Amino acid sequence: MTDKQILQQIRIDYRDVKFVASNKSRWDPKSKQIFYNLEQPNILWSVLHEIGHMQAGHSTYKNDLELLKMESEAWTYAKQLSKNYNITIENDYIEDCLDSYRDWLHKRSSCTRCSQTGLQTDNSTYICVNCGQQWRVSKSRFCRSYRINTKTPS
């Protein structure tokens, strides 16, 4: 079967979900929509990953580490689902995707003063256990990682 035929079968199998062509792949739990990019390489892997978010019941996350956990969990579901469509999702691809989140998390959590890894205290604030520096980060996971100092220890 071609990718297009498999995508059509996925749509049939998940009739309660609306599939929407978009420039970015994502799951929207409020509207029960999966957005996907037809130009993206390995589109089926991505669609199965978004279905994985749906099946895992992912809707929101409280902190950055929870987001990484959700991404990993969605890939676990995607790998299981891929067997239903006779698709093999390459582990290297999954690790590359997860690495993008790991790199994002590392940048956000690195202390602006001493470069040690900080602890997240709320959805946009970190504190360094090494030197006491506090910094805020953007709430968006889709933009460059910005860090703004909020409290510098004496």
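Atom set for the values below is all heavy atoms of this structure, side chains included, hydrogens, waters and symmetry mates excluded. This one's a predicted model, so the numbers in the text were calculated from it and none came from an experiment.
How far CG of L81 is from CH2 of W45: 15.0 Å, rounded to the nearest 0.5 Å. Note that CD of Q5 is 14.0 Å distant from OH of Y85, once rounded to the nearest 0.5 Å. In this structure, CG in L68 is found 9.0 Å from CH2 in W104, a value given to the nearest 0.5 Å. Summarising the geometry, atom CD1 belonging to I34 is positioned 9.5 Å from atom NE2 belonging to H53; distances are rounded to the nearest 0.5 Å. Once rounded to the nearest 0.5 Å, the distance linking CD of Q40 with CG of N23 reads 10.5 Å.
Shown here for P29 and S59, the closest heavy-atom pair between the two residues is CG-CA, 3.7 Å. A pairwise comparison of heavy atoms in Y61 and M70 identifies CB-SD, 3.6 Å as the closest pair. Nearest heavy atoms, K24 versus N37: N-CB, 4.3 Å.
Open room surrounds CD on E39; 12 or fewer heavy atoms of other groups in view lie less than 6.0 Å from it. In the displayed structure, D122 atom CG is contacted under 6.0 Å by more than 12 heavy atoms of other residues, nucleotides or ligands.
Between E95 and R102 there is a salt bridge, since a side-chain N of the basic residue sits under 4.0 Å from a carboxylate O of the acidic one.
Of the candidates K69, E50, E66, E73, H58 forms a side-chain hydrogen bond (donor to acceptor under 3.5 Å, both in side chains) with just one, namely E73.
Residues M54 and Y77 have side chains not in contact (no heavy-atom distance under 4.5 Å, counting atoms from C-beta outward).
Relative ring orientation between Y126 and W135 is described as parallel, the plane-to-plane angle staying below 30° on a 0-90° scale split at 30° and 60°.
Placement of L44 and W27 within a single hydrophobic cluster is found when ILVMFWY residues are connected by side-chain heavy-atom separations under 4.5 Å, directly or transitively.
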